[in-house]
Amino acid sequence: MTALPQYNFAYLDEQTKRMIRRAILKAIAIPGYQVPFSSREMPMPYGWGTGGVQVTASIIGPDDVLKVIDQGADDTTNAVSIRAFFAKVAQVQTTTHTAEASIIQTRHRIPEKPLTEGQVLVYQVPIPEPLRFLEPRETETRKMHALEEYGLMHVKLYEDIARHGRIATTYAYPVKVEGRYVMDPSPTPKFDNPKMHMSPALQLFGAGREHRIYAVPPYTEVVSLDFEDHPFEIQHFAEPCALCGATEVYLDEVILDDRGGHMFVCSDTDNCEERRQAGHVGSLGTGREAAE
Amino acid sequence: MEGVIDGAFADPVMQSQSVFRALMDALANPGTMRKLPVPRAIGTSMIPELVSTLLTLSDHDTSIWLDEVLRSEPANVQFASFHTGAPMVAEPGRAAFAFVHSAEAMPPLDQFNPGTQDYPDRSTTIVLAVPSLSGGPALSLRGPGMKDEVHISPSGLPGDFVGQWEINRALFPRGVDLLLVADGHVMGLPRTTRIAEGQ
């Protein structure tokens, strides 16, 4: 019996990996600058994380341990299928535990557990250009980045204040990297922005449809844009997680019935599970013994 | 008989992945030494560390430049062309990757391509072989990728390296990036790194 033909390790062909690897090295050397790359068709639609998948496929090796999260959760469709994809095409070990992972691919959240040196966080990015909704022409936004002309972004934040009395942007909140490039942190809630600042982990961003890769090296300044009289602040939640009682974490609202019943639970499922394992119980949670 | 065909990676997929991770970690953490897997490098006078980065990064999409001494040996040109298919250029300013076997063969940094203000990524990455990544004059580094000041002492850097680097650094976001290789290890100096002499 002859062996069935297989895909190359980690799905992508070697020439594509080299091209993406070169883009990643330039992205690290120019923090916050969007490096164009020749994005490939992947066995999943655009919008499902093709950029992140291509970055992960180009860096991953057989010794890596991969975690994939979608809005903080390890068990949603996008996360489960990407994890299964790499388990199949790269035969890597996967995990749901943040601390065990060497590569974490994420869609729109940064894990609550602080990342460590040597870890790589790969973001799936839909629209990498922070100025795109203010200026649709690529030629113009490129010139604005080249000339460090970011006045328009401040006007946008100011208009928020004029209209709502505060900066109303809550996700994809623009940041300035190492005092130079204004960067879109991908649609993470602004709650996660402070975690990007001086993070010990390497952060790589892949936008498949838009053909861009960018990076924030470890220990790099990432400052959320704001005004002296309207400083940047993160969301605060009135109640703790209903399952594990955590405060100071990002919570999702879950509708319970059609009479307005709702609960707030941790967006980061791994963090929530670990807390419940450790015996923390929220208002609607059940103790560890009761659950068993 | 072993020839140029045996000189590349025995397992190109896995070895170029580990080489790339070493290069990525080196540039993301300037001043740290990363272990660089090397091929047998048969059929060329380039040291295995230069061959390792050449094979991992270049292909028909990247123009490469070999220093005068390396380029004067037809075997090196044949080796690079056979294994990578990369177009070879005669001027360092047109190269995506430059491979230099010693500081004496290194042109001044401003001879390489710093990219443009619109596309600073279209710049040269220089891979320079040095005698050793330690034992030379003390340098201290600061910048992205470093929590605190990092101290390094590579030997065999070009004369007035710190002065040349200062000019390169001032061009940001334009500028060249440097990879130093020796003894199976690589050290990265991206254009963001500020270098000062002494401890």
Side-chain angles (χ1 to χ4, degrees), chain A residues 8-10 13-38 57-64 90 102 117-118 120 139 142-143 145-148 177-181 198 200-204 213-222, chain B residues 9 11-30 32 37 53 55-62 84-86 96-97 115-125 142-148 150 172-179 188-193:
Chain A
N8 188 26
F9 177 78
D13 61 279
E14 289 303 296
Q15 202 275 328
T16 299
K17 283 191 210 165
R18 267 194 303 273
M19 174 269 298
I20 294 173
R21 286 168 180 169
R22 290 193 293 259
I24 291 172
L25 295 186
K26 287 299 174 196
I28 291 171
I30 318 165
Y33 167 74
Q34 303 161 49
V35 183
F37 82 110
S38 173
S58 303
I59 66 173
I60 204 164
D63 300 333
D64 278 308
S102 58
E117 282 184 25
V120 184
T139 47
R142 185 161 291 281
K143 205 173 290 172
H145 283 295
L147 300 174
E148 212 177 340
V177 181
E178 205 57 26
R180 178 57 177 82
Y181 282 100
M198 298 305 266
L202 169 63
Q203 304 173 73
L204 300 176
I213 285 172
Y214 51 107
V216 175
Y219 303 115
T220 297
E221 257 184 44
V222 179
Chain B
F9 291 125
D11 183 356
V13 175
M14 293 305 167
Q15 282 174 301
S16 52
Q17 189 273 335
S18 24
V19 171
F20 167 71
R21 278 295 275 274
L23 301 177
M24 181 178 92
D25 290 341
L27 277 176
N29 304 276
T32 59
T53 45
L55 295 175
T56 302
L57 295 175
S58 40
D59 55 36
H60 55 81
D61 277 346
T62 58
T84 69
F97 293 100
T116 64
Q117 198 72 10
D118 286 8
Y119 291 95
D121 57 305
R122 295 180 183 173
S123 57
T124 309
T125 302
R142 277 189 176 281
M146 291 167 279
K147 190 179 184 184
D148 307 299
V150 169
F172 191 85
R174 294 181 296 143
V176 297
D177 307 306
L178 185 60
L179 293 163
L189 293 174
R191 66 192 75 179
T192 48
T193 301

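Chain letters run A, B, ... following the sequence lines, proteins first and then strands; every chain starts at 1. Computed from heavy atoms alone, side chains included, the values below leave out hydrogens, waters and symmetry copies.
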Under 4.5 Å heavy-atom distance to chain B, tell me which part of [X] shows up: side chain, backbone, both or neither.
X	result
R21(A)	both
D13(A)	neither
L202(A)	side chain
Q15(A)	both
L204(A)	side chain

Could you give the distance from [atom1] ([X]) to [atom2] ([Y]), rounded to the nearest 0.5 Å?
X	Y	atom1	atom2	value
L55(B)	E14(A)	CG	CD	12.0 Å
D177(B)	I30(A)	CG	CD1	7.0 Å
T220(A)	M146(B)	OG1	CE	9.0 Å

Mind ranking [options] by heavy-atom pairs under 4.5 Å with chain A and telling me who comes out on top?
options	result
S18(B), G188(B), S58(B)	S58(B)
T125(B), D118(B), T192(B)	D118(B)
P173(B), P30(B), P190(B)	P173(B)
R174(B), R122(B), R21(B)	R21(B)
G115(B), A26(B), S16(B)	S16(B)

Cation-aromatic face contact R18(A)/F20(B), 6.0 Å, 45 degrees: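 Not satisfied by the 6.0 Å and 45° rule.
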Return the minimal non-hydrogen interatomic distance between [X] and [Y], and the atom names on each side.
X	Y	result
P31(A)	F172(B)	CD-CZ, 4.1 Å
Q17(B)	P62(A)	OE1-CD, 4.2 Å
V120(A)	M24(B)	CG2-CE, 4.1 Å

4.5 Å side-chain heavy-atom contact, [X] and [Y]:
X	Y	value
K26(A)	R191(B)	yes
K147(B)	P218(A)	no
L57(B)	L25(A)	yes

Pairs of heavy atoms under 4.5 Å with chain B: top-ranked of I24(A), I60(A), V35(A):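 Most heavy-atom pairs within the cutoff with chain B belong to I60(A).
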Leading residue by heavy atom contact count with chain B [cutoff under 4.5 Å; candidates N8(A), D64(A), L147(A)]: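 Top count of heavy-atom pairs under 4.5 Å with chain B: D64(A).
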Y119(B) portion near chain A, given a 4.5 angstrom heavy-atom threshold: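 For Y119(B), heavy atoms of backbone and side chain both lie under 4.5 Å from chain A.
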Chain A contact via S123(B) - side chain, backbone, both or neither, heavy atoms under 4.5 Å: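 Both backbone and side chain.
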Residues that Y33(A) engages under ring-ring contact (aromatic ring centres under 6.0 Å, His included), provided they are two or more places apart: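 For Y33(A) the ring-ring contact (aromatic ring centres under 6.0 Å, His included) partners, ignoring immediate neighbours, are Y181(A).
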Lys/Arg-Asp/Glu bridge criterion (N-O < 4.0 Å) met for D59(B), R22(A):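 Judged by the 4.0 Å cut-off on N to carboxylate O distance, D59(B) and R22(A) do form a salt bridge.
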